[in-house]
Structure formats: C-alpha cells, structure tokens
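Below is one structure, written out as structure tokens; comments come after it.
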Amino acid sequence: MKSLVLSVLCLATLLVATTVAQQPRQYTDKFDNINVDQVLSNDRILSNYIRCLLDKGPCTQEGRELKKTLPDALRSNCEKCSEKQRNNSRKVISHLEAKKPADWKKLLDKYDPEGLYKSKFEKLNKRS
C-alpha cells in the first residue's frame, strides 16, 4: 500500500513538473520585427488590429497571437514579455490614449473592465 501511495505521489510530481516545464517563459518573438511605428501611423492597419481585438473584424496571424496573449500579459503585468515587447506595448498604449481615445476606451472596457491592469501599468510606467 505504501509503495502504491509513493508511486502515485511520484507520478503526480512528475506531471506537475512536466506541465510547468511546458509553459513558455516568454511569449513568442516571431512578430517582434513588426514595425510598430509604421502600424501606428497607418490608420487602416491600426483600425484592423483594433477591430480584431474587439471581435468586430477578421484577424491577421499577428492579431490572433496578440488576442490570445493579451489577457495573460495583462494578468501577469507582462511578466513573459521581452524588453522589446514591453517597449512596444508602452508605445501602442500611449498612442491609443492620445490619438484614439474612443478605441482605447473600448479596448479597456473589453480587456480591463474593472481598471485593475491599467492601474498596475500606470504605476509601473511611473517607475520606468
């Protein structure tokens, strides 16, 4: 009986360790070479990304990846983001706040209805 319990505990430990090992420590970097400045300066492309994130239009491969990653990035305060991803996030948020406040509000309403993540982001940004 003791060996059965020990075996089950070992198996459970192995499963937990395997699951943790499979979780990525960083988000994919395959889209890090997108020129964010170019996207932000092109209203048509930016609007397409916004519509994708709001479930109002089709998504590109990059848009689907962003949409999939965004909730976790918000919850974890971009813990798995590379420095480039953090910088690009700040750039996009600043642009949306200043140039597209109505769209920014819609995104906040969808992804941060209680304002929890926006508050964390603002505190983090003040320290940067």
Side-chain angles (χ1 to χ4, degrees):
M1 183 67 170
K2 286 182 183 179
S3 65
L4 177 62
V5 171
L6 186 58
S7 295
V8 169
L9 286 174
C10 287
L11 181 60
T13 303
L14 181 62
L15 286 173
V16 169
T18 303
T19 302
V20 170
Q22 289 175 350
Q23 293 175 345
R25 293 197 169 136
Q26 275 200 316
Y27 300 122
T28 182
D29 64 353
K30 67 181 173 181
F31 303 115
D32 282 5
N33 293 323
I34 291 175
N35 186 332
V36 172
D37 293 317
Q38 191 174 32
V39 170
L40 294 176
S41 67
N42 185 318
D43 197 52
R44 182 184 57 81
I45 294 172
L46 180 58
S47 292
N48 286 340
Y49 276 108
I50 292 169
R51 281 195 296 277
C52 163
L53 291 172
L54 293 172
D55 300 319
K56 304 275 185 197
C59 296
T60 61
Q61 185 178 1
E62 298 91 349
R64 284 190 299 276
E65 185 67 30
L66 176 60
K67 195 172 171 178
K68 180 178 87 177
T69 304
L70 188 57
D72 182 64
L74 290 170
R75 273 190 303 280
S76 70
N77 208 17
C78 221
E79 198 173 84
K80 298 176 196 169
C81 294
S82 66
E83 194 56 36
K84 183 171 188 170
Q85 291 164 343
R86 278 188 196 89
N87 290 336
N88 283 340
S89 296
R90 287 183 193 110
K91 191 180 289 190
V92 169
I93 289 169
S94 295
H95 179 86
L96 292 174
E97 285 178 321
K99 307 281 185 183
K100 295 202 163 272
D103 288 329
W104 177 237
K105 182 177 179 345
K106 290 176 190 173
L107 289 167
L108 286 174
D109 288 346
K110 177 176 173 109
Y111 290 97
D112 189 17
E114 296 165 12
L116 300 174
Y117 308 124
K118 184 176 186 274
S119 167
K120 280 185 195 177
F121 178 80
E122 287 171 346
K123 286 178 188 172
L124 186 67
N125 247 3
K126 287 179 184 174
R127 284 188 259 151
S128 300

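As the structure is a prediction and not an experimental result, all values here were calculated from the model.
Here Asp37 pairs with Asn35, Lys91 under the side chain to side chain contact (heavy atoms under 4.5 Å, CB included) rule; sequence neighbours left out. Residues that satisfy the side chain to side chain contact (heavy atoms under 4.5 Å, CB included) test with Asp32, not counting sequence neighbours, are Asp29, Ser82, Lys84, Gln85. Annotation: side-chain hydrogen bond (donor to acceptor under 3.5 Å, both in side chains) contacts of Thr60 (sequence neighbours excluded): Glu62. Here Asn42 pairs with nothing under the side-chain hydrogen bond (donor to acceptor under 3.5 Å, both in side chains) rule; sequence neighbours left out. Under the rule for a side chain to side chain contact (heavy atoms under 4.5 Å, CB included), the partners of Ser47 that lie at least two apart in sequence or sit in another chain are Asp43, Arg51, Lys100. Partners of Glu114 according to the side chain to side chain contact (heavy atoms under 4.5 Å, CB included) rule, which considers only residues two or more places apart in sequence or in another chain, are Leu116.
With hydrogens and angles ignored, the 3.5 Å screen pairs no side-chain donor or acceptor of Thr69 with any backbone N or O of Leu66. Checked by atom type and distance alone, the side chain of Tyr111 pairs as donor or acceptor with a backbone atom of Leu53 at under 3.5 Å.
Annotation for Lys110: atom NZ counts as buried by contact number, over 12 foreign heavy atoms lying within 6.0 Å. Within 6.0 Å of the CD atom in Glu83, the count of heavy atoms belonging to other residues, nucleotides or ligands exceeds 12.
One finds the OG atom of Ser41 at 11.0 Å from the NZ atom of Lys99 (value rounded to the nearest 0.5 Å). Taking NZ from Lys106 and CD1 from Ile50, the interatomic distance works out to 9.0 Å, rounded to the nearest 0.5 Å. If you take CG on Asn77 and CG on Asp72, they are separated by 11.5 Å, rounding to the nearest 0.5 Å. Atom CG in Leu54 sits 8.5 Å away from atom NZ in Lys67 (nearest 0.5 Å). Separation of atoms CG (Leu107) and CG (Asp112) is listed at 11.0 Å; rounding is to 0.5 Å. Taking SG of Cys52 as the reference point, atom CZ of Arg64 lies at 8.0 Å (rounded to 0.5 Å).
Test Leu40, Val39, Leu46, Asn87 against Val92 for side chain to side chain contact (heavy atoms under 4.5 Å, CB included) and you get one pass: Leu40.
Annotation for Gly63 and Cys59: closest pair C-CB, 4.3 Å, computed over non-hydrogen atoms.
With a 4.5 Å cut-off on side-chain heavy atoms, Val36 and His95 do not count as touching.
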Could you check Ile93 against Trp104 for side chain to side chain contact (heavy atoms under 4.5 Å, CB included), going step by step and ending with a plain yes or no?
-> CA-CA 8 Å; Ile93 289 169; Trp104 177 237; 3.7 Å; yes
